[in-house]
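Here's the structure we're looking at; comments come further down.
The basis for the numbers below is simple: all heavy atoms, side chains too, and nothing from hydrogens, waters or symmetry mates. First listed ligand is number 1; within each ligand, the first listed atom is number 1.
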Amino acid sequence: MANSAPRVRIAPSPTGEPHVGTAYIALFNYLFAKKHGGTFVLRIEDTDATRSTAEYEQKVLDALKWCGLEWSEGPDIGGGYGPYRQSERKHIYRPYVDRIVQNGHGFHCFCTPQRLDEMRAEQRAAGKPPKYDGRCLSLTAEEVTSRVEAGEPHVIRLKIPAEGSCKFTDGVYGEVEIPWDAVDMQVLLKADGMPTYHMANVVDDHLMKITHVARGEEWLASVPKHILIYQYLDLEPPVFMHLSLMRNADKSKLSKRKNPTSIPYYASLGYLPEALMNFLGLFFIQIAEGEELLDMDELITQFDPENLSKAGAIFDIQKLDWLNGRWLREKLGEEEFLARVQDWAMQGDRLMSGLKLAQTRVQKFGELPDLTGFLLKSDLGLKAAHFDGLKKLDHAACLEIIREVAPALEALPDWTAEAIESALRELAESSGRKLRIMLPPLFVAMSGSARSLPLFDSMAILGRAMVRQRLKQADIALKAGIDAAQANNG
Ligand code: GLU
């Protein structure tokens, strides 16, 4: 371990809504840096050009700032080791890949995607884990040169020792041993010349002088590949720390299909960033009952990476609610409380946007809370009965529509009223339904009422994560109603 001040990083991939798991790992790194007088770096890992977007990158930055996790170096503020966005570092990686190949530790692979698919299908059929079978390892140097010169598409892969195992010490897991046999000949450079996550990650951690890599346990199995890359490049690996994943109460992996995971979703519900950080920070420290209410400075004081909490990181919403309530009551003065409520209502200008939409629909202001309240509510308390009396649609038909709309909206790259409208129009066309028929159950799912503000605008204001959650709640309510009716009839 380096004796100088540590340098740590959070390295999100901007491929989706900012995830509470990212805040959890970022908080660990932030506390680690603050505790040891080190530096907290933000690096954007956007080597996957098809899934990374500038919009998601901005959202990740905004979400981490909202959490209060300020970085000292990053794509927005620069620093001594930039650029901090991997897509702007493409030219940096190539010489490292070349060095690995020249030293005989990497090889050109010309296998086509089709051949790889067939290989994996055969492995699956034989009950074996999918892994590159090494066909291109045996190509002669002359053959490789002539195929490269002929312009044949290829990738560069990492050679893996034929036997033995990789042993390393993880700061959280302790001694780890993974047989080389279980490690894939990882692609380092893709056919388009972009490095893979593994290659870029190692080179950047080295060049950015990262001393400690703390990240989710899903990366533990990748450490042998990373250690090999460090060895092949004659570089010293950082200290690795793999943190247990956050889980749902049933111990399953936290995923947006089960529970909302997006940071803006929790912000829009009116959780304080301090309470969310307090909640996540408790996963890292051992604390006596009754002493859980901690601000960032207190978290830093209590934080001890040598003595992490042994309890699993369960995303227990009731505990978050409890902590948030305590923060509101015990930590905010009256003025601060009011200021925070105002910030919350105005998030993304949602209250103003909602009021503008309501202008043509009210006779007096007193009707506004009923008409616009759904934009701010945490829970609509939706029941199947809310869907009663929709023209021509029984509960089963409503449920069918909800279940068609949910995945269609998931696939939307842009979240705007126009994009939502055209997605729903397309869906109506392809399903042979009239859009006019599809909309009423969506009004109810979004607002709890069939009389409401314009739907597409409302969905745009509510945001992706809230719309996802409301569709899910509508699904649950309708399903329960249908099941109950069936039980009564049976
Ligand atoms: N880009 C990776 C992620 O988003 C970072 C993993 C790491 O920290 O090495 O999970």
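Looking at ligand 1, you'll find an N or O of Ala11 within less than 3.5 Å of one of its N or O atoms. The shortest N or O to N or O distance between Tyr197 and ligand 1 is below 3.5 Å.
The closest donor-acceptor contact from the side chain of Asp295 to the backbone of Glu298 lies under 3.5 Å.
Between His226, Gln86, Glu45, it is Glu45 that holds the heavy atom closest to atom 1 (N) of ligand 1.
A salt bridge between Arg340 and Glu274 is present, with a side-chain N of the basic residue lying under 4.0 Å from a carboxylate O of the acidic one. Taking the charged nitrogens against the carboxylate oxygens, Lys167 and Glu175 have no contact shorter than 4.0 Å, which rules out a salt bridge. No salt bridge links Asp475 with Lys479; every basic N to acidic carboxylate O contact stays at or beyond 4.0 Å.
Under a 4.0 angstrom heavy-atom cut-off, Arg9 registers as being in contact with ligand 1.
Each of Asn324, Val20, Asp321, Leu323 was evaluated against Phe279; a single residue qualifies, Leu323, per the side-chain contact (heavy atoms from CB on, under 4.5 Å) test.
Only the side chain of Asn201 comes within 4.0 Å of ligand 1, counting heavy atoms alone; its backbone N, CA, C and O stay farther away.
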